[in-house]
Amino acid sequence: MHNAESQYSEPAVEDQSDMNTDMSDAPSYLSGLNPPQRDAVETVDGPLLVLAGAGTGKTRVLTTRLAHILVTAQAWPSQILTVTFTNKAAQEMKDRVRRLLGEMSQENGGDGQPPSVDGWWLGTFHALGARMLRKHADLVGLNSNFTIIDTDDQVRLIKQLMEDAQIDTRKWAPKAMAGKISEWKDKVRLPSDLTPRDAGEMANGQLVTIYRQYQERLKILNACDFGDLLLHVITILRDPKNAHILAEYQNRFKYILVDEYQDTNTAQYMWLRLLARAGDRDADGNSLSNICCVGDDDQSIYGWRGAEVGNILRFEKDFPGAKIIRLEQNYRSTGHILAAASSVIANNQDRMGKTLWSDHADGEKILVRGLWDGEAEARWVGEEIEQLQHKGWDLNRIAVLVRAGFQTREFEERFIQLGVPYRVIGGPRFYERMEIRDALAYLRVVAQPADDLALERIINTPKRGIGNSTVKTLYTFARSKGISLYDSILTLCDSDELRPKVRSTLTALTNDFERWRSLLDTAEQTELASMILEDSGYIQMWQADKSPEAPGRLENLRELITGLSAFETLPEFLEHVSLVLETQDTQQTDLVTIMTLHGAKGLEFDAVFLPGWEEGLFPSQRTMDENGLKGLEEERRLAYVGITRARQRSYVSFAANRRMYGKWINAVPSRFVDELPEDHISATTDPGLYGPGRSSHWDSSGLAAAARTQERSRERKVMSSDGEVFGVKDRVFHDKFGYGTIIHIDGHKLDINFDHTGKKRVMDSFVTKA
DNA sequence: CGATAGTTGCTTTTT
DNA sequence: GCAACTATCG
């Protein structure tokens, strides 16, 4: 390595025409980059924002920049903080940079071996936050081997606290309360920053108290939720008492790289600002902040998770002297696709503005199709895919991108019928599967007896006759004595409090745990894990299970144990599982990919199907209700992301009828369909649906605003005027076309639907067997 | 305590 | 339409 920082820190290129001739003395890894890309790689001093549109080679720039810093600035990997949006992205970046460095070493006469990147600070915000927090856990009252609890545990804990506080958990869903607390955490709002008024009506206005208790309980459990991983670190770093720790990190990280900056939330932003020494300058007035953020405000799609587009819009203010480089040449999509996407996104008011261009050919127009119902849509997509197949396309080149997870089902069913191989990305992650969570709970209790949530999870799995009331007794005792659930078992088993049968069961269980724990330091990890799962009867439980999923679950458990072998210690493995582990990696087999639009971020395919473009579904009604214009614009960005995933072909479709909650609803084509420019699409619609061609022929006046909320009436008995009960009302619902009710009479269901014309005119009614 | 029958709410999107 | 939850009874 040589230090050639000065050689590269000045933009080497004055104008574009020089670019291609000026390659002779530049390192070869810079060749093939266009001028702004190269500029983005070489600007290593001071803050830099790379506004990179879809398909402009953002990943390549980041990778090359990383390699460039390593080579020219003589920085060690451990001095570069690199934040990616997903673990997969981190892994890919690691592989790419190592490959690039290997190539460079070969060119320089080295052995071409990819260098080791041990100690590299590369990963998601969560993973990096956890790594920091382990080192300083004591400063926030935690032990460095704290467990990371997932959303499920979080909700259970909050539910417990709410029940203790006598809050009706049916009126105030613990899940929603947990969501609100997470939202506060994402905004770096500690319980002490809040007043009861911030909770409003929520949990009878006691949510702030619940939040405080929740944090206290987590400390007792020696646990963190996802939000805490950053929140605690921020608390530590901004405490003046810990200035030396902050300084240590600031000095260590000479360079900071952040991908997908548009999707950072407030906590992530604050964490970055602290580490990136925003505004710090040396004696000569040069910025000390070598932070480089890459993002695209048009692709900000995580507002619902607390992401602030404002972070990217404010970059220059936050990091004075920041340079902004725009990458606008799109290398991915053909002309029609790019033009259509640009045209859709141009409807958004709130954007920095970029003009993407491409020297690709126009290619095919976007195929827009209106169909009768969801089933017909799936059939059509299937047919189009088969046509592509006949043209010799690999299925790997094709993706179906849906708005919401439940939409995948219709396509799966159709693809199974057709024999089109597919894979669904998303769904439950490996570690979210029941059997994995159970197995991990066992391991957690072994590693950390005080992990009440884990113990509660498996105390009766497999069934051992420990029911709710026993657990409640244990908890009551634990609370009153201020001890853990585990310790309360030990204490109560020495007394006469519990029934003999329960007592002997629990004694046997704790004896098992003591035995496993005693082997923790001596036994081999994988052997211990299989021993635990065998001895506890957990494996046997699934072996005895005759359900079709059981074999798969056993397979997953085996996989878990295999995965364990790669780790030195159990706690290390537990962290890996909760933060990093991905569902099995993409196999090489030839499959059509089905996934959500969110999941498709950063990916590209030759052909992309975009079904379900209907008002209410996409844009999602809920988003629009909750966030108004802001929500709509985010939905539109999602549409933009969807279209721009396609390299060659893009298909948009919508259905006039769709089944939701097992009921048929009519749907109006999405406004985004109307925003697709005529010149770049080719539209056809099933006869009789919306008139010839475009959706604008559909008269939707008055429909869009109509309510779609379901309501439940209080009185359930359906009576005639003289008081005779002749049926039971199941539910009353309202949708944009009217309202209706289902009444149960003599084992039959009677559906009655009315419309909104003022007079209660029956549109239709039908009887089915209940 | 556990099985079962009855009831409710869910469908955004994810680290 | 269905999974997940609650209430009730043996």
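In what follows, every chain begins at residue 1, and chains take the letters A, B, ... in the order their sequences are listed. Only a predicted model underlies this, so the values are computations on that prediction, with no experimental measurement involved. Excluded from the calculations below are hydrogen atoms, water molecules and symmetry mates; all remaining heavy atoms, backbone and side chain alike, are included.
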Mind calculating the distance between CD (A:Gln299) and C1' (B:dT13) to the nearest angstrom?
16 Å

Sequence-distant partners of A:Glu92, side-chain hydrogen bond (donor to acceptor under 3.5 Å, both in side chains), two or more places apart
none

If only side-chain N and O atoms of A:Lys185 are considered, is one of them under 4.0 Å from the OP1 or OP2 phosphate oxygen of B:dT15?
no

Euclidean distance, atom CD of residue A:Glu634 to atom C1' of B:dT14 [Å, nearest integer]
13 Å

Within the modelled atom types, does a donor on one side and an acceptor on the other bring the side chain of A:Arg305 and the base of B:dT13 under 3.5 Å apart?
no

Would you say the side chains of A:Arg636 and A:Tyr640 form a donor-acceptor pair under 3.5 Å?
no

For A:Lys175, report the nucleic acid contact type (base, sugar-phosphate, nothing); a contact means any heavy atom under 4.0 Å.
sugar-phosphate

B:dT13 base stacked by A:Trp304? Criteria: ring centres under 5.5 Å, plane angle under 30°.
yes

Protein and nucleotides 1-3 of chain B: nitrogen or oxygen contacts under 3.5 angstrom:
{"from": "B:dC1", "atom 1": "OP1", "to": "A:Gly467", "atom 2": "N", "distance (Å)": "3.2"}
{"from": "B:dC1", "atom 1": "OP1", "to": "A:Ser469", "atom 2": "OG", "distance (Å)": "3.3"}
{"from": "B:dC1", "atom 1": "OP1", "to": "A:Thr470", "atom 2": "N", "distance (Å)": "3.4"}
{"from": "B:dC1", "atom 1": "OP1", "to": "A:Thr470", "atom 2": "OG1", "distance (Å)": "2.3"}
{"from": "B:dC1", "atom 1": "OP2", "to": "A:Ser469", "atom 2": "N", "distance (Å)": "3.2"}
{"from": "B:dC1", "atom 1": "OP2", "to": "A:Ser469", "atom 2": "OG", "distance (Å)": "2.2"}
{"from": "B:dG2", "atom 1": "OP1", "to": "A:Gly465", "atom 2": "N", "distance (Å)": "3.2"}
{"from": "B:dG2", "atom 1": "OP2", "to": "A:Asn460", "atom 2": "ND2", "distance (Å)": "3.4"}

Using modelled atom types and a 3.5 Å cut-off, is there a donor and acceptor pairing between side-chain atoms of A:Thr147 and backbone atoms of A:Ile149?
no

Describe the nucleic acid contact of A:Phe85 in one word from base, sugar-phosphate, nothing, applying a heavy-atom distance below 4.0 Å.
sugar-phosphate

Output the rounded distance in Å from CZ (A:Arg403) to C1' (B:dT14).
12 Å

Pairs touching residues 159-181 of chain A that satisfy ring pair (Phe, Tyr, Trp, His ring centres under 6.0 Å), sequence neighbours left out:
none

Could you state the atom-to-atom distance from CG of A:Leu597 to P of B:dT11 in whole Å?
18 Å

Of A:Glu375, A:Glu615, A:Glu614, which is the lone residue that meets salt bridge (Lys or Arg N to Asp or Glu O under 4.0 Å) with A:Arg658?
A:Glu614

Quick check: does any side chain N or O of A:Ser620 sit under 3.5 Å from a backbone N or O of A:Leu617, one acting as donor and the other as acceptor?
no

A:Arg658 atom CZ is separated from B:dT11 atom C1', nearest whole Å, by 12 Å

CD of A:Gln621 versus C1' of B:dT11: gap in Å, rounded?
13 Å

Between A:Trp304 and A:Tyr302 (judged by ring centroids, cut-off 6.0 Å), do the two rings come close enough to count as a pair?
yes

According to ring pair (Phe, Tyr, Trp, His ring centres under 6.0 Å), does anything in residues 457-477 of chain A pair up with another residue at least two apart or in another chain? List the pairs.
none

Does the pair A:Asp225 and A:Lys185 meet the rule for a salt bridge (Lys or Arg N to Asp or Glu O under 4.0 Å), with working shown?
CA-CA 10 Å; A:Asp225 64 18; A:Lys185 290 191 173 187; 2.7 Å; yes

Residue list, side-chain hydrogen bond (donor to acceptor under 3.5 Å, both in side chains) with A:Arg444, at least two apart or on another chain:
A:Asp153, A:Asp451

For A:Arg645 and B:dT13, what is the distance between atoms CZ and C1' respectively, to the nearest whole Å?
15 Å

Return the 5'-most residue of the pair A:Ala173, A:Gln268 with respect to DNA chain B, ranking by each residue's nearest nucleotide.
A:Ala173

Would you please confirm or rule out a distance under 4.0 Å between OP1 or OP2 of B:dT14 and any side-chain N or O of A:Thr86?
no

Between C1' on C:dC5 and CZ on A:Arg156, what's the gap in Å once rounded to a whole number?
15 Å

Touch check for A:Phe406, heavy atoms < 4.0 angstrom, all strands: base, sugar-phosphate only, or nothing?
base

Does A:Tyr302 reach a base, just sugar-phosphate, or nothing at all? Heavy atoms under 4.0 Å.
sugar-phosphate

Under 3.5 Å, which protein N or O atoms sit close to an N or O of nucleotides 7-10 of chain C? Give each pair with its distance.
none

